[in-house]
Amino acid sequence: MWVDLRQYVAVALGVLWSASSGAGELLSFTACPVARDTGANTDLCFFTEYQGQRYALQGPSDWGRPELMHQVLVEGEVVEGEPVCGATVLSGRVSVLRERDLSCNEIVPFDGSVVGRARNLFERGSQAQRERAAGMMAALEENPALSIEAVIYDTPQPEPPQPPFTAQEMVIHFPFDSDRATGPDMMQFIAMLEYAVAAGGTVSIDAHQGESLTENAGVLAERQGMAAARASKLERIARRLGVPASSLHVTWRAENVPGDGRHDWESRRVDVAVIPPGGEAP
Amino acid sequence: MKSVFVKSMQLLAAGGVALLPLVATSGTSDLQYPQSEWWAPGDKRTFPAYSEHANEHGRIGIINASGAIETDGHPFFTPMGSNGRACVTCHQPGDGMSVSVTTIQRRWEETGGKDPLFAAIDGSNCPSLPQGDKASHSLLLERGLFRLGLPWPPKPYDGEEVEPEFSIEVVSDPSGCNLDPEWGLRSDSPTVSVFRRPRPVINISHLVELPHGVPPHDKFYYNDKTLLPTDPETGDFVSLQLMTDGRGISPKEQAKDAARTHLQRPDALPEQALAKIEAFEKQLYAGQVFDNVGGVLTGAGAPPGIGPNALLQAPPGRLGNNPINRVFGEFSMWEGESGETGQQTAFRNSVARGARVFFDRRFYISNVGSYNDKGLGNPFKRSCGGGCHNTTVMGMDLAPGFMDLGLNSWPWQNQRDDLPLFRITCKADVPPQSYLGREILTHDPGRALITGKCRDVGATMTQQMRALAGRAPYFTNGSAANLRELVDFYDRRFNIGYSEQEKQDLVNFMRTL
């Protein structure tokens, strides 16, 4: 019972924090991440402290979680809402800086103030798969052989794209100084390539790199050649997945987009477009 | 007998479980090899559809799913090169299709070191050493390690030139081979010699399967979201699970390489032989079936994940780190009165507890290069099975899991004075190894010898966890003489704090796989 109570207190405290750091406030800073233990059966969560405030460090799925031994670059906007990891929530992006900083080494032991939720893998499956998994779970004691049967399945192949074909676009964002995109972004990229091939259209890939103007560490500029690396990586994927060279338009901007401390993460991106034959760029 | 057997195998593969006892109880005597027995190249034998082979802790069962084969003339069992070895020399049935250090030592005693197993090329610390001396074979005799000479700079990989991000310097060279004028890094064909254990040639069909249900990772390498390499023959993406450093793109490419290096065959193996080797490897399923203390491990009422049938039946390429699969399936049936004797029951109870420690007991996985930095976060708090050993019934990392656990690179408590030590210096403008920086001391640069990437230095591929009982020592560089030392390594490296009981339970659990 008292555990529930403490969670309650933590939530209340968190609300105080987020209230004190005005929603909409823009932030851009570098700091050490702090790992927090959230209980025996759950993963850690990460937050950081900046100017007396705690901010949760989270991001899109497979974006790249914070790492001790490295600082993070935090670029975001304070959002209203329940605290995460006992800290104020930001929208935006958190990038692990690839140079080492051995002073980033703090783990907050489990103290009951933030209790993680145990997740399991098949939660992300379809409704039918989840139901099957629940059924297997229930029948396991009776029939333990089920425990070595398939629980994780391939997602069904989407229907092949059909005409009329229209222009498509997507933006792929990247962590600072990185050409690693997320798995979900790559799935969408594959779908676009398949669409382009089905439509006989062209694919344009336009890559950028940028600077971040931070409050506490000056201007951080991405390494030279990042935009080219992002472009060539996606180009290679497009070629290998069947887009003919003649249908690919790859460009990149070698100079950094200047930072102004407002959503600078958005300039670390690749714009992808598919233009069907005779169509116009979106 | 054969056709009935094969038919029942097919039924099993189709999901039937009623026939389990047919092969699960330890077989009839004509299928058993009562002692760990040396399979010499060129022996004329039958490799039956099902056989059991004694090892240190009991017996391993091997299913040869397409039925008995004659080894006579079969390219896996026949010397195909110039040094008298065959594939089977280093991939022995009784040793889980690897070769244990016990077998290696016995072979030395029996042949006075004349067996082709000890061939100078890689069965000695360096071919330039006096071959009659035991000391020249110390790495093989003491740690079960063969020499692998890898070209430096790397050859093109997956059709692309590799431009190394680092330079390599030899800091110490106990084998003498890295500084050797003929064989070393400064020779006419510059070569880095590293020393590795043979990986088991069993359950290969699980290893080569692309991951299911985790798109886009049936096409993409998890770490950096590049496309996986493709098989030059078929153009299909490959799982990257073969070999310590992933250089064995496909079973055929691997076999070509093995024939050229281990068998010293000057020309390429003919296509027919390659196809036969691949087919043979892909239909072998193996796991422990009998434990000297725990008794018969399979059959009615036993954990379904034990024994070769589990490998035959279970779907390959699936993440098993979920509450149903628990990677190796359910073990709870061994939690109560489950043996015929008190000793058996105690062992089985321990195995069941070990399965829980393996799957449930989380710890901080920290500073593992090429792992924590692939998006998972540092530290990542997982158990053995929930973290890296996550593939259903196999226990390798489905990702695929190249990682620098701390077995190769300093400063983790693994420094070895019998292995070469290299200083890797990475260029200033490339991303560093995430936790060791740009100057790294390592016994084996691992994956980086193939990709040339600084971030890959020291990273080696997780192995399957089957048939462990017969193939000590463990880890790629043989640093754990037994399963207990293996558990102790993890306990130290990750500050886990396993109790004595938990350690013993984990050891017993692994003995049954």
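Letters go in sequence order (proteins before strands), and every chain restarts at 1.
Proximity of A:His208 to A:Val270: side-chain heavy atoms (C-beta onward) are nowhere separated by under 4.5 Å. Using a 4.5 Å cut-off on side-chain heavy atoms (C-beta onward), B:Glu163 and B:Lys427 make contact. Taking 4.5 Å as the limit, every side-chain heavy atom of B:Pro156 sits out of range of all side-chain heavy atoms of B:Val162. In this structure, the side chains of B:Pro411 and B:Leu436 come closer than 4.5 Å at one or more pairs of heavy atoms.
Ranked by heavy-atom pairs under 4.5 Å with chain B, the list A:Met136, A:Arg223, A:Glu141 is led by A:Arg223. Comparing A:Leu140, A:Ile148, A:Asp185 by how many heavy-atom pairs each has under 4.5 Å with chain B, the most go to A:Ile148. Highest contact tally toward chain A, considering only B:Pro211, B:Gly317, B:Gly437, B:Ser383, is held by B:Gly437 [criterion: heavy-atom pairs under 4.5 Å]. Contacts with chain A were tallied for B:Gln433, B:Arg455, B:Met333; B:Arg455 has the most, counting heavy-atom pairs under 4.5 Å. Counting heavy-atom pairs under 4.5 Å between each of A:Met187, A:Met69, A:Arg180 and chain B puts A:Arg180 at the top. Contacts with chain B were tallied for A:Asn41, A:Leu234, A:Leu241; A:Asn41 has the most, counting heavy-atom pairs under 4.5 Å. Chain A forms more heavy-atom pairs under 4.5 Å with one residue of B:Asp429, B:Val393, B:Thr392 than with any other, namely B:Asp429. Among B:Ser366, B:Gly305, B:Ala314, B:Pro215, the residue with the largest count of heavy-atom pairs under 4.5 Å with chain A is B:Pro215. The candidate from A:Thr155, A:Thr42, A:Leu146 with the greatest count of non-hydrogen atom pairs under 4.5 Å with chain B is A:Thr42.
For B:Asp218, no part lies near chain A; criterion is any non-hydrogen pair under 4.5 Å. Within the 4.5 angstrom heavy-atom criterion, only side-chain atoms of A:Ile190, from C-beta onward, approach chain B. The contact between B:Tyr435 and chain A is made by backbone and side chain atoms together, counting heavy-atom distances below 4.5 Å. Interface remark: B:Lys219 contributes side-chain atoms only to the contact with chain A (heavy atom separation under 4.5 Å). Both the backbone and the side chain of B:Pro379 come within less than 4.5 Å of a heavy atom of chain A. Looking at A:Thr182, only its backbone comes within 4.5 Å of chain B, counting heavy atoms on both sides. Residue B:Arg361 does not touch chain A at all, counting heavy-atom pairs closer than 4.5 Å. No part of B:Phe363 comes within reach of chain A, as not one of its non-hydrogen atoms sits under 4.5 angstrom from that chain. At a 4.5 Å heavy-atom cutoff, the contact between A:Pro66 and chain B is made by backbone atoms alone. Using a 4.5 Å cut-off between heavy atoms, B:Asn325 contacts chain A through both its backbone and its side chain. Interface residue A:Asp62: only side-chain heavy atoms are found under 4.5 Å from chain B. Contact annotation for A:Arg98: both backbone and side-chain heavy atoms come within less than 4.5 Å of a heavy atom of chain B. Looking at A:Ile107, the atoms closer than 4.5 Å to chain B (heavy atoms on both sides) all sit in the side chain, from C-beta outward. The parts of A:Leu44 that come within reach of chain B are both its backbone and its side chain, each placing non-hydrogen atoms under 4.5 angstrom from that chain. Proximity to chain B (any heavy atom under 4.5 Å) is shown, for A:Ala150, by both the backbone and the side chain. Neither the backbone nor the side chain of B:Arg326 comes within less than 4.5 Å of any heavy atom of chain A. The contact between B:Thr230 and chain A is made by backbone and side chain atoms together, counting heavy-atom distances below 4.5 Å.
Checked for salt-bridge contact, A:Arg240 and B:Asp158 meet the test: a charged N lies under 4.0 Å from a carboxylate O.
Applying the ring pair (Phe, Tyr, Trp, His ring centres under 6.0 Å) test to B:Tyr222 and every residue at least two apart in sequence or in another chain returns B:His217.
Looking only at distances, no side-chain donor or acceptor of B:Asp373 sits under 3.5 Å from a matching main-chain atom of B:Gly369. Side-chain N or O atoms of A:Glu222 include one that pairs as donor or acceptor with a backbone N or O of A:Asp177 at under 3.5 Å.
The aromatic rings of B:Phe509 and B:Phe358 are tilted relative to each other, their planes meeting at an angle between 30° and 60°.
If you look at A:Trp265 and A:His173, their ring centroids are closer than 6.0 Å.
For CD of B:Glu335, the number of neighbouring non-hydrogen atoms (other residues, nucleotides, ligands) closer than 6.0 Å is greater than 12. For A:Glu49, the CD atom counts as densely surrounded, since its 6.0 Å shell holds more than 12 non-hydrogen atoms of other residues, nucleotides or ligands.
No side-chain N or O of B:His389 forms a donor-acceptor pair with one of B:Asn321 less than 3.5 Å apart.
Here the NZ-OG1 distance, from A:Lys233 to B:Thr226, works out to 6.0 Å after rounding to the nearest 0.5 Å.
For the pair A:Arg93 and A:Trp63, the distance from NZ or CZ to the six-membered ring centre is under 6.0 Å and the angle to the ring normal is within 45 degrees.
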